[in-house]
Amino acid sequence: MTKRQKLIEIFDKLLERFGPQEWWPADSAFEVAIGAILTQNTSWQNVERAIANLKKARRLSFNGLSRLKEKELARLIRPAGYYNIKAGRIRNFLRFLEENYRGSLGRMRSKDTGTLRKELLSVNGIGPETADSILLYALEKPVFVVDAYTRRIFSRHRLAGPKADYEALQRLFMANLTRQPALFNEYHALLVKLGKDYCKKTKAACGICPIYEKK
DNA sequence: CACCAGGCAAGTA
DNA sequence: TACTTGCATGGT
């Protein structure tokens with residue numbers, strides 16, 4: 001069994017068990033990018049409240065957010081937690097868009113993925129997962145998103161070392177699967193679904209995990 | 001009450 | 001390089 005076959009087998013089991021996840025839940029690419037920052041170490045449910053506040057205030061756009069004072073932005077995204085930190089990070093991202101793409105996320109699409117990733121990582125507040133989430137889910141670039149669930153699931157199934165870093169885990173997927181945005185999209189979303197339902201930090205339900213196998 | 005959630009940066013050794 | 005800590009709300 002090659003790594004590729006193993007990765008595809010897991011994907012097929014997850015898809016059969018959970019069905020398509022329909023990621024990323026958002027009305028625009030811009031909303032995806034803002035959501036990616038808001039969901040850093042935060043439950044999606046809390047992010048939804050923050051997004052709802054921004055929509056209700058009609059501020060969920062580059063111009064809308066740009067005209068907000070940092071304190072006011074922080075107030076609106078309060079439910080997402082770390083609101084002072086995240087308000088600053090969102091403003092860093094807005095300034096990045098303003099200075100490099102005249103405020104248009106869509107204008108990023110024409111550049112190559114590697115360059116875009118470095119640019120995003122240069123923004124204070126955007127790390128590997130946030131950058132890759134924007135690349136894959138907002139710009140549809142073929143980049144695999146790794147998160148805490150991915151690391152936990154693959155470590156517990158002994159498919160990766162417990163101390164495998166982000167890039168190593170990402171390479172496992174990207175070097176062994178065809179680089180299709182749609183496949184990476186669904187795979188990551190399914191791993192999050194599995195993590196939420198069966199692979200929590202302490203309460204692991206490995207015995208009934210859909211990809212569990214007896215030795 | 002404790003623990004967790006779709007991280008990241010800054011500080012320390 | 002490899003830890004450790006602060007950031008914070010809302011659900012279980």
Side-chain angles (χ1 to χ4, degrees), chain A residues 11 14 18 20-26 29 31-54 56 70-96 117-141 143-156 160-170 173 181 183-206 209:
Chain A
F11 176 80
L14 293 176
F18 299 118
Q21 298 300 299
E22 309 287 346
W23 274 34
W24 183 294
E31 183 179 332
V32 172
I34 298 304
I37 293 172
L38 291 176
T39 199
Q40 291 169 356
N41 200 44
T42 298
S43 66
W44 183 250
Q45 187 174 21
N46 282 358
V47 174
E48 287 181 315
R49 296 168 188 267
I51 295 278
N53 285 347
L54 294 174
K56 190 173 181 181
E70 185 157 339
K71 202 72 178 174
E72 180 62 7
L73 172 56
R75 185 183 69 77
L76 288 168
I77 64 173
R78 187 176 183 281
Y82 307 139
Y83 49 84
N84 290 312
I85 295 287
K86 287 174 180 175
R89 290 177 178 178
I90 286 172
R91 285 164 67 87
N92 290 343
F93 176 64
L94 293 174
R95 191 171 61 251
F96 162 78
R117 190 170 196 272
K118 285 176 186 168
E119 289 182 0
L120 287 169
L121 289 175
S122 75
V123 178
N124 188 302
I126 295 184
E129 185 183 342
T130 306
D132 290 338
S133 292
I134 293 171
L135 290 172
L136 177 62
Y137 292 105
L139 302 176
E140 295 173 56
K141 299 290 185 179
V143 171
F144 200 92
V145 179
V146 174
D147 71 336
Y149 288 131
T150 309
R151 184 171 293 98
R152 194 180 305 153
I153 291 164
F154 273 66
S155 174
R156 287 184 185 171
K163 61 181 173 79
D165 65 8
Y166 188 99
E167 310 292 336
L169 218 33
Q170 183 177 53
F173 292 92
L183 172 62
F184 289 174
N185 174 324
E186 196 62 52
Y187 209 145
H188 171 70
L190 284 166
L191 287 174
V192 172
K193 173 66 174 170
L194 173 65
K196 284 179 176 173
D197 291 1
Y198 296 93
C199 207
K200 289 176 171 288
K201 201 166 182 180
T202 53
K203 297 174 188 169
C206 299
C209 165

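Computed from heavy atoms alone, side chains included, the values below leave out hydrogens, waters and symmetry copies. Here is the naming used below: chain letters follow the sequence lines, and residue numbers restart at 1 for every chain.
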Just jot down the ring pair (Phe, Tyr, Trp, His ring centres under 6.0 Å) partners of A:Tyr149, sequence neighbours excluded, or say none.
->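 For A:Tyr149, no residue satisfies ring pair (Phe, Tyr, Trp, His ring centres under 6.0 Å) once neighbours in sequence are set aside.
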Does the A:Thr39 side chain pair with the main chain of A:Gly35, one donor and one acceptor, at a distance under 3.5 Å?
-> no
For the side chain of A:Glu186 and the backbone of A:Gln21, is there at least one donor-acceptor N/O pair under 3.5 Å apart?
->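 Side chain of A:Glu186 to backbone of A:Gln21, a donor-acceptor pair under 3.5 Å: yes, one is there.
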Let me check something: any side-chain donor-acceptor pairs from residues 191-206 of chain A under 3.5 Å, sequence neighbours excluded? List them with distances.
from     : atom 1 : to       : atom 2 : distance (Å)
A:Lys193 : NZ     : A:Asp197 : OD2    : 3.1
A:Tyr198 : OH     : A:Arg17  : NH2    : 2.9

Those residues that, when tested against A:Glu119, pass side-chain contact (heavy atoms from CB on, under 4.5 Å) (two or more places apart) = A:Phe96, A:Tyr101, A:Lys111, A:Thr115, A:Leu116
First and last nucleotide of DNA chain C in contact with chain A, 5' to 3', at under 4.0 Å to a heavy atom: what are they?
->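 Span of nucleotides near chain A: C:dC7 to C:dG11.
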Output every pair passing salt bridge (charged side-chain N to carboxylate O under 4.0 Å, His left out) with a member in residues 73-92 of chain A, not counting sequence neighbours, ordered by first then second residue.
->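 Qualifying pairs, neighbours excluded: A:Glu70-A:Arg91, A:Glu72-A:Arg75.
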Could you label the plane-to-plane angle of the A:Tyr187 and A:Phe144 rings as parallel, tilted or perpendicular, counting under 30° as parallel and over 60° as perpendicular?
->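 A:Tyr187 and A:Phe144: perpendicular rings.
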Assess the side chains of A:Asp132 and A:Tyr137: does a donor N or O sit below 3.5 Å from an acceptor N or O?
-> no
Between C:dG10 and B:dC8, how far is it from one P atom to the other, in whole Å?
->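 Per the computed distance, 23 Å lies between those P atoms.
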For nucleotides B:dG6 and C:dT12, find the distance between their P atoms and express it as a whole number of Å.
-> 12 Å
For nucleotides 3-13 of chain B, just jot down a letter per nucleotide in 5' to 3' order: B, S or -, based on protein non-hydrogen atoms under 4.0 Å.
-> -SBBBBSS---
